[in-house]
**Student:** 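This structure is in structure tokens; I'll ask about it shortly.
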2 protein chains.
Amino acid sequence: MSPVSRLPVRALAPRRHDEILRRLSAQGSVSVAELAEFFDVSRETIRRDLKLLSDQGRLGIVHGGAASFEPSEPAMSLRSQENAAGKAAIGRTAAGLVRDGMVVFLDSGTTTLAVAHALTELRDLTICTASLKIALHLCHVPGMRVHVLGGEIDPGEEAASGIDTLDAMARFRVDVAFLGGGALSPDGEVTDFTRAGAEQRGRMIALAGKAYFVLDSSKFGKLTPLRIPNFERAAGVIVDADPDLALVEALSQKGPELIVAS
Amino acid sequence: MSPVSRLPVRALAPRRHDEILRRLSAQGSVSVAELAEFFDVSRETIRRDLKLLSDQGRLGIVHGGAASFEPSEPAMSLRSQENAAGKAAIGRTAAGLVRDGMVVFLDSGTTTLAVAHALTELRDLTICTASLKIALHLCHVPGMRVHVLGGEIDPGEEAASGIDTLDAMARFRVDVAFLGGGALSPDGEVTDFTRAGAEQRGRMIALAGKAYFVLDSSKFGKLTPLRIPNFERAAGVIVDADPDLALVEALSQKGPELIVAS
DNA sequence: CATTGATGTTGCAATATGTGGCAGCGAACC
DNA sequence: GGTTCGCTGCCACATATTGCAACATCAATG
């Protein structure tokens, strides 16, 4: 859409966005009607604001308004419902790349959780993850040794993050890593929401023998702000549907193999 | 347009869902009538909400309301059912020893999980734990910063343990620690099942400003093999029923205060 | 085991909300 | 000055949510 030349820094719109996000983190949810009255703009304008923020992944749109991802337990479970079939297919394909005896790193996220489910078919794996849900799930599978990375928990991801996590990661010798991401940008690169996330994933690419990104089709063409370091050294990107041709070509230029799960 | 038209400031659907699930995990069950009154919506609406959540497998609908599934692992969930009332009382008493702003260590185990539940009444705590369940639960409570200790997961405890965990523990400055244990032996000492567990608890006693053991009455008079180092330096032992007199006297000889929750 | 009050179910209408098209307006640019 | 572009509001129409009412079920009690 917009040729990325410069960000239009209007005075009014960003002010609304800030306030919307502030309210969201304070109250958990906001309604379109309430915001329209507060800013004295039309409801359409508010909806456009919410759509924008939603595309950036900063909130979730619901009937009547928007809800924050953070404080709500459903956020994660709801997200894991979205495109469940696609994620399951990605999980099976990912599991096909793993052999018994390997050391596997699993990133946090709903798509990697699907990979975790698929991995239960295997035996004798060492799993390394920062995700509480994944650890909790896989630790009961016979033959799996699960290591959890320490750190401060990010409630949105339900996973550890931060300095301690980066630190702990470096101690492992990882055969294959499955990483999530915020978006598959039109120029064929996986991007992330946060600085910390991008850094963590970039490091894991460097650490792992092979690193695959797992992204379901809802992430295609979205835009998130952070590039992931070392992306071109990743082994592949596993998706559940063919991206458009431009994206395929852009990706093939970068290096990582495109794998479409069926 | 919108000249202050009468806007019912009703809660958005996801907000209701969050609250319903929150109540479920707190109380185990909710009633349609109570929810309808709370949200000021009709009972049909509540039922539709419950139907939706039920379709997602997040609760079970029963006549009159809904009940929590607690889709947890049998080993752990079975244990947490035992003497639930006693554990809840211990939890409340333990929470009474905590003040806003403190750094709290929570050991793994079902009794400490009850403490975690009780701590949700507080705000502005830093939690440090090796237990996946505790981390997962508390990370969604507003005002809580949760740190998880890294390490290999023990499936029975659903918590990290081992060298890495001991290592990570040492980095924290802990105000108050709540520790589990295998048994309260007849000679007034808390003992443990495993060498690793005893070592970890002993270290935490040394690290924390105050360390309390939380033990429900099913642990009285049992015998487990490992003594816990530094036990005499613990601040107290919180239980849910009076132990017999000999045990009380033996304990008072050692040092830690005996606290009986009501 | 029958009664009775509470609860669950269904169809429907009212209202609120979402969507897409279009035009006005102001800022930036040529 | 004219043009373009993005933001905004208005409108018409599609969709979703909710409450009501009538009826079916359930479960506790005597």
Side-chain angles (χ1 to χ4, degrees), chain A residues 1-21 23-24 27-68 72 74 78 81-82 186 218 221-223, chain B residues 1-21 23-24 27-68:
Chain A
M1 334 216 149
S2 62
V4 192
S5 56
R6 192 150 59 111
L7 284 178
V9 191
R10 294 283 161 87
L12 220 49
R15 193 182 209 88
R16 287 201 307 268
H17 297 172
D18 286 350
E19 175 67 13
I20 290 173
L21 292 171
R23 287 183 171 218
L24 213 49
Q27 310 170 18
S29 69
V30 292
S31 86
V32 172
E34 148 197 312
L35 290 170
E37 184 176 349
F38 180 79
F39 292 118
D40 193 29
V41 296
S42 69
R43 295 201 295 266
E44 289 88 334
T45 300
I46 296 295
R47 270 189 225 102
R48 285 170 186 133
D49 288 342
L50 296 181
K51 176 81 164 58
L52 210 139
L53 293 168
S54 164
D55 285 345
Q56 293 175 7
R58 319 198 32 186
L59 51 77
I61 290 183
V62 299
H63 195 93
S68 160
S72 66
L78 277 185
Q81 302 277 341
E82 288 170 12
S218 69
K222 278 199 178 175
L223 289 169
Chain B
M1 13 270 30
S2 37
V4 209
S5 56
R6 178 78 188 77
L7 281 177
V9 272
R10 235 181 348 206
L12 265 34
R15 189 158 195 72
R16 289 200 307 266
H17 299 169
D18 285 354
E19 177 67 15
I20 290 173
L21 292 170
R23 287 182 173 219
L24 260 184
Q27 311 167 17
S29 69
V30 292
S31 88
V32 172
E34 146 198 311
L35 290 170
E37 183 179 354
F38 180 80
F39 292 118
D40 191 29
V41 297
S42 68
R43 293 200 290 269
E44 288 89 332
T45 301
I46 295 296
R47 272 189 222 103
R48 284 188 268 245
D49 287 343
L50 296 181
K51 174 84 164 56
L52 212 142
L53 293 167
S54 162
D55 286 345
Q56 293 176 6
R58 315 185 52 168
L59 50 77
I61 291 183
V62 297
H63 196 89
S68 164

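Computed from a predicted model, the values in this text were never measured in an experiment. The chains referred to below are lettered A, B, ... by the order of the sequence lines, with proteins before strands, and numbering in each begins at 1.
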**Student:** Tell me, with the steps shown, if A:Leu59 and A:Ser68 meet side-chain contact (heavy atoms from CB on, under 4.5 Å).
**Tutor:** CA-CA 5 Å; A:Leu59 51 77; A:Ser68 160; 6.0 Å; no
**Student:** So which atom in A:Asp49 and which in A:His17 form the shortest heavy-atom distance, rounded to 0.1 Å?
**Tutor:** OD1-NE2, 3.0 Å
**Student:** Could you state the atom-to-atom distance from CZ of A:Arg15 to P of D:dT8 in whole Å?
**Tutor:** 14 Å
**Student:** In whole Å, I'd like the distance from the CD atom of B:Glu37 to the P atom of C:dT7.
**Tutor:** 12 Å
**Student:** Round to the nearest Å and state the distance from A:Leu52 atom CG to D:dT8 atom P.
**Tutor:** 10 Å
**Student:** Looking at B:Arg16, does any N or O in its side chain come under 4.0 Å of the phosphate oxygens OP1/OP2 on D:dT18?
**Tutor:** yes
**Student:** Looking at the base of D:dG6, is there any donor atom on it, or on the side chain of A:Arg48, that sits under 3.5 Å from an acceptor on the other one?
**Tutor:** no
**Student:** Specify the separation, in whole Å, of atom CZ of B:Arg47 and atom P of C:dT7.
**Tutor:** 8 Å
**Student:** Might you work through the side-chain contact (heavy atoms from CB on, under 4.5 Å) test for A:Ile20 and A:Phe39, ending with a clear yes or no?
**Tutor:** CA-CA 10 Å; A:Ile20 290 173; A:Phe39 292 118; 4.1 Å; yes
**Student:** Whole angstroms only, please: what is the NZ-P distance between B:Lys51 and D:dT17?
**Tutor:** 14 Å
**Student:** Among B:Arg15, B:Arg23, B:Arg16, which residue meets the side-chain hydrogen bond (donor to acceptor under 3.5 Å, both in side chains) test with B:Glu19?
**Tutor:** B:Arg23
**Student:** Measure across B:Arg47 and B:Val32 and return the closest heavy-atom pair with its distance rounded to 0.1 Å.
**Tutor:** CG-CG2, 4.2 Å
**Student:** What's the CG-C1' distance between A:Asp40 and D:dC7, to the nearest Å?
**Tutor:** 16 Å
**Student:** What is the distance, rounded to the nearest whole Å, between atom CD1 of A:Ile61 and atom P of D:dT17?
**Tutor:** 14 Å
**Student:** Please state how far atom CG in B:Asp49 lies from atom P in D:dG19, giving the value in whole angstrom units.
**Tutor:** 10 Å
**Student:** For a quick test of reading the model, state the closest non-hydrogen atom pair linking A:Ala36 to A:Arg43 and the distance between them.
**Tutor:** CB-CG, 3.8 Å
**Student:** Base, backbone or nothing for each nucleotide of nucleotides 22-30 of chain D, written B, S, -, heavy atoms under 4.0 angstrom, 5' to 3'?
**Tutor:** ----S----
**Student:** Stepwise, does the side-chain contact (heavy atoms from CB on, under 4.5 Å) test hold for A:Arg48 with A:Leu52?
**Tutor:** CA-CA 6 Å; A:Arg48 285 170 186 133; A:Leu52 210 139; over 6 Å; no
**Student:** State whether B:Ser42 places a side-chain N or O below 4.0 Å from either non-bridging phosphate oxygen (OP1 or OP2) of D:dT18.
**Tutor:** no
